[in-house]
Peer 1: 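Take a look at this one; I'll ask things after.
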Amino acid sequence: MISYSEAKLIILETVKTLGTKSILLKDALNYVLAEHIKAPFDLPLFDNSSVDGYGVKIADVSQAAKNKPVNLPLQDIIRAGNHNNIYLNSGCTVKILTGAKVPKSVDAIVMREYCDEKQSVISIAYSPKYGENIRRQSEELKKGKSILESGTLITPAVIGLLATLGINKISVYKKPKIAIVTTGDELLKPGRGIAPGKIYDSNSFALLSAINLLGIVDCMHYHAKENKSHTHKILAAAAKYADVIISAGGVSVGDYDFVKDVSEELGFETLIWKIAIKPGKPVYFGRKQLNNKGKIFFGLPGNPVSSLITYHQLVKPALQKIIGLKEEDIREQSKIFTAKLTKAIAKKPGRMEFVRGRLMVEKGELKVSPTIGQESHMLSGLSNANCLIHFPLDKEKLNVHDLVDIELIQWANN
Ligand code: AMP
Ligand code: MG
């Protein structure tokens, strides 16, 4: 059995991006940029006002104060969107609204709150500094400056920035098509009546929602009955459709666990089988070339907590690499920090455990409590958790008040 860190390394070394495509900005959320973006023009593009107020020459208002206003005649009004080359005369003022272009002849803008407007004469009770309330051309970005690197996740803020720069089409990494394959004759769909000995399928719902949160939407659900020929037929169809096949269950050493054997029959090269982790020992990872396309196979365990935790720890980073995220950003998501354990926990040595925990801040200190329901079929324990305590492979006990390693449970890309 290989270790968790070895397995993660093999997986991240194996998976690759799937090429790029051009996309409209309105459709770009949760894609990853596949080009460097440089500012096509200065930002701001022109000097403009950050307030509603009155443009002045410094010399005219240098003596103005709260109890000693200076009266200046109103020369003109400049609104946002106006383009007129007003020259402000000495001894006059000009009304300027937020976002409006500020003429070079204006030294500063006094906020409206310090001014009183009466019949085209403005009383100004404030002496501004040169440039006050003027947003200068290029103070944020100079034309030609690199602002977004390839590999940047497209968030609402990135979309806003691209729109600000007038960019409507960008190059992004393609998203993979995913096949989710459930196995087991005991499964029924939620919403139908239950039957003796049966349980509801939760894995396809949980996995699909997790995949969707990464911004991946092309997903098909397949179900393999518990016999080898049907498993063969279903996995072949899944491999034909998808770039990444994610199965749940049927991957262990039970009499009806066909996933690994059938994957190999279908030509997948086994790169990992069994990892020294709990939950989730029987994880399968393989790859094959089909019609010049690299296909990736994750065979996850069937127990609902095992399948979701192994997804979170191993499949999610792989999918994030496939959609183009930078490896340092992927690593950042699973960064380890420490918290004080509120309750002792014990295990057998030999497997690293991901204990479902609840992290909280108490009097400025990070504390973590294991949730109730730690067995791999108990989704309630995972539902109440917001982090995973890393219980090292060879340790048998973590004591109350120990500082332990934890990692946040984070389903989305950021
Ligand atoms: P297996 O790995 O196929 O032996 O499955 C391990 C356990 O997970 C068994 O108790 C299965 O009933 C359960 N299981 C497998 N697939 C699912 C699923 N899609 N939803 C809920 N439980 C499942
Ligand atoms: Mg099964």
Side-chain angles (χ1 to χ4, degrees), residues 3-5 7-8 11-12 30 153 155 157 202-203 205-207 209-215 275-281 283 300-301 303-320 325-349 351-414:
S3 71
Y4 168 58
S5 49
K8 202 164 166 180
I11 290 168
L12 284 175
N30 247 329
L153 176 70
T155 61
S202 64
N203 287 338
F205 290 87
L207 289 170
S209 60
I211 291 162
N212 287 164
L213 266 181
L214 298 181
I275 307 174
I277 54 172
K278 190 178 173 195
K281 180 170 75 172
V283 171
L300 306 182
N303 270 310
V305 177
S306 312
S307 75
L308 260 189
I309 299 261
T310 50
Y311 167 84
H312 186 270
Q313 299 305 100
L314 300 166
V315 183
K316 185 187 72 158
L319 294 179
Q320 288 176 317
L325 273 186
K326 283 177 276 182
E327 281 200 46
E328 70 241 44
D329 290 344
I330 299 172
R331 274 198 299 275
E332 184 69 16
Q333 279 221 329
S334 55
K335 70 171 176 272
I336 302 292
F337 46 106
T338 54
K340 207 179 241 188
L341 193 61
T342 62
K343 197 177 145 213
I345 44 179
K347 71 162 175 65
K348 291 194 197 112
R351 276 158 80 186
M352 174 179 183
E353 279 198 28
F354 300 109
V355 179
R356 280 70 78 199
R358 184 95 205 151
L359 182 71
M360 61 226 137
V361 183
E362 252 181 44
K363 293 185 186 142
E365 194 177 37
L366 282 180
K367 294 198 171 168
V368 64
S369 308
T371 55
I372 294 167
Q374 288 288 332
E375 297 300 319
S376 55
H377 58 288
M378 297 179 176
L379 271 177
S380 54
L382 179 55
S383 302
N384 290 324
N386 58 6
C387 71
L388 298 173
I389 303 166
H390 284 211
F391 198 155
L393 190 112
D394 288 326
K395 280 230 165 184
E396 293 183 52
K397 193 160 185 220
L398 294 174
N399 294 308
V400 65
H401 301 323
D402 275 0
L403 276 181
V404 294
D405 284 350
I406 56 158
E407 166 185 358
L408 290 180
I409 295 174
Q410 209 178 338
W411 299 109
N413 284 321
N414 70 344

Peer 1: Could you tell me which non-hydrogen atom of Val283 sits nearest to which non-hydrogen atom of Pro301, and how far apart they are?
Peer 2: CG2-CD, 4.0 Å

Peer 1: Parallel, tilted or perpendicular: which one describes the rings of Tyr311 and Trp411, with boundaries at 30° and 60°?
Peer 2: parallel

Peer 1: Working to the nearest 0.5 angstrom, can you tell me the gap between Thr342 OG1 and Glu362 CD?
Peer 2: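 The OG1 atom of Thr342 sits 8.5 Å away from the CD atom of Glu362.
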
Peer 1: Starting at CG of Leu325, measure out to CG of Leu319 and round the result to the nearest 0.5 Å.
Peer 2: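 Answer for the CG-CG pair, Leu325 versus Leu319, is 10.5 Å.
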
Peer 1: List the residues meeting side chain to side chain donor-acceptor pair (under 3.5 Å) with Lys316, not counting sequence neighbours, and say none if there are none.
Peer 2: Gln333

Peer 1: Which distance, rounded to the nearest 0.5 Å, do you find between the CG of Leu308 and the CD1 of Ile409?
Peer 2: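 If we round to the nearest 0.5 Å, Leu308:CG and Ile409:CD1 are 9.5 Å apart.
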
Peer 1: Check Ala344 against Lys397 and note the closest heavy-atom contact, atom names and distance.
Peer 2: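 Closest approach of Ala344 to Lys397, heavy atoms only: CB-CE, 4.2 Å.
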
Peer 1: Closest approach of Leu207 and Ser307, non-hydrogen atoms and distance?
Peer 2: CD2-O, 4.2 Å

Peer 1: Drop me the distance from Ile309's CD1 to Leu300's CG, to the nearest 0.5 angstrom.
Peer 2: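 One finds 12.0 Å between CD1 of Ile309 and CG of Leu300.
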
Peer 1: For the side chain of Asp402 and the backbone of Asn399, is there at least one donor-acceptor N/O pair under 3.5 Å apart?
Peer 2: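 The answer is yes, because a donor-acceptor pair under 3.5 Å joins these two groups.
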
Peer 1: Against Leu341, only a single residue in Leu403, Leu398, Val400, Val355 fulfils side chain to side chain contact (heavy atoms under 4.5 Å, CB included); can you say which?
Peer 2: Leu398

Peer 1: Should Ile275 and Leu314 be marked as a side-chain contact (heavy atoms from CB on, under 4.5 Å) after you check the CA-CA gap, both sets of side-chain angles, and the distance that decides it?
Peer 2: CA-CA 11 Å; Ile275 307 174; Leu314 300 166; 3.6 Å; yes

Peer 1: Strictly by ring-ring contact (aromatic ring centres under 6.0 Å, His included), give each pair with a member in residues 357-408 just once, sequence neighbours left out.
Peer 2: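 Those involving residues 357-408 are Phe354-His390.
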
Peer 1: If you apply the rule side-chain contact (heavy atoms from CB on, under 4.5 Å), what do you find for Thr310 with Ile277, and how did you get there?
Peer 2: CA-CA 9 Å; Thr310 50; Ile277 54 172; 4.0 Å; yes

Peer 1: Evaluate the side-chain proximity of Met352 to Ser3: yes if any heavy-atom separation is below 4.5 Å, no if none is.
Peer 2: no

Peer 1: Begin with the C-alpha distance, continue with both residues' side-chain angles, and end with the deciding distance and a verdict on side-chain contact (heavy atoms from CB on, under 4.5 Å) for Glu375 and Val305.
Peer 2: CA-CA 8 Å; Glu375 297 300 319; Val305 177; over 6 Å; no

Peer 1: Return the NE2 to CG distance between His312 and Leu408, rounded to the nearest 0.5 Å.
Peer 2: 8.5 Å

Peer 1: Which residues pass the side-chain contact (heavy atoms from CB on, under 4.5 Å) test with Thr371, sequence neighbours left out?
Peer 2: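 If we apply the side-chain contact (heavy atoms from CB on, under 4.5 Å) test to Thr371, skipping adjacent residues, the hits are Arg356, Arg358, Gln374, Asn384, Ala385.
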
Peer 1: Once side-chain contact (heavy atoms from CB on, under 4.5 Å) is applied, do any residues pair with Ser334, and if so which ones, sequence neighbours excluded?
Peer 2: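 Listed in chain order: Lys8, Glu407.
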
Peer 1: How would you list, by chain and number, every residue that makes a salt bridge (charged side-chain N to carboxylate O under 4.0 Å, His left out) with Lys363, sequence neighbours excluded?
Peer 2: none

Peer 1: Which heavy atom of Pro279 sits nearest a heavy atom of Ser376, and at what distance?
Peer 2: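 Result for this residue pair: CB-CB, 4.0 Å.
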
Peer 1: In terms of side-chain geometry, is the basic nitrogen of Glu353 or Lys347 positioned less than 4.0 Å from the acidic oxygen of its partner?
Peer 2: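 The answer is no: the pair does not qualify as a salt bridge.
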
Peer 1: Looking at every non-hydrogen atom in both residues, tell me the closest pair between Lys343 and Pro370 and how far apart they are.
Peer 2: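 Result for this residue pair: CB-CD, 4.2 Å.
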
Peer 1: Any heavy-atom pair between the side chains of Pro317 and Ile11 that's under 4.5 Å?
Peer 2: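 No. Closest side-chain heavy atoms not under 4.5 Å.
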
Peer 1: Glu332: what forms a side chain to side chain donor-acceptor pair (under 3.5 Å) with it, not counting sequence neighbours?
Peer 2: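 With sequence neighbours excluded, Glu332 shows a side chain to side chain donor-acceptor pair (under 3.5 Å) to Lys335, given in chain and number order.
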
Peer 1: Mind checking the CD1-CG spacing from Ile389 to Leu359? Nearest 0.5 Å is all I need.
Peer 2: 9.0 Å

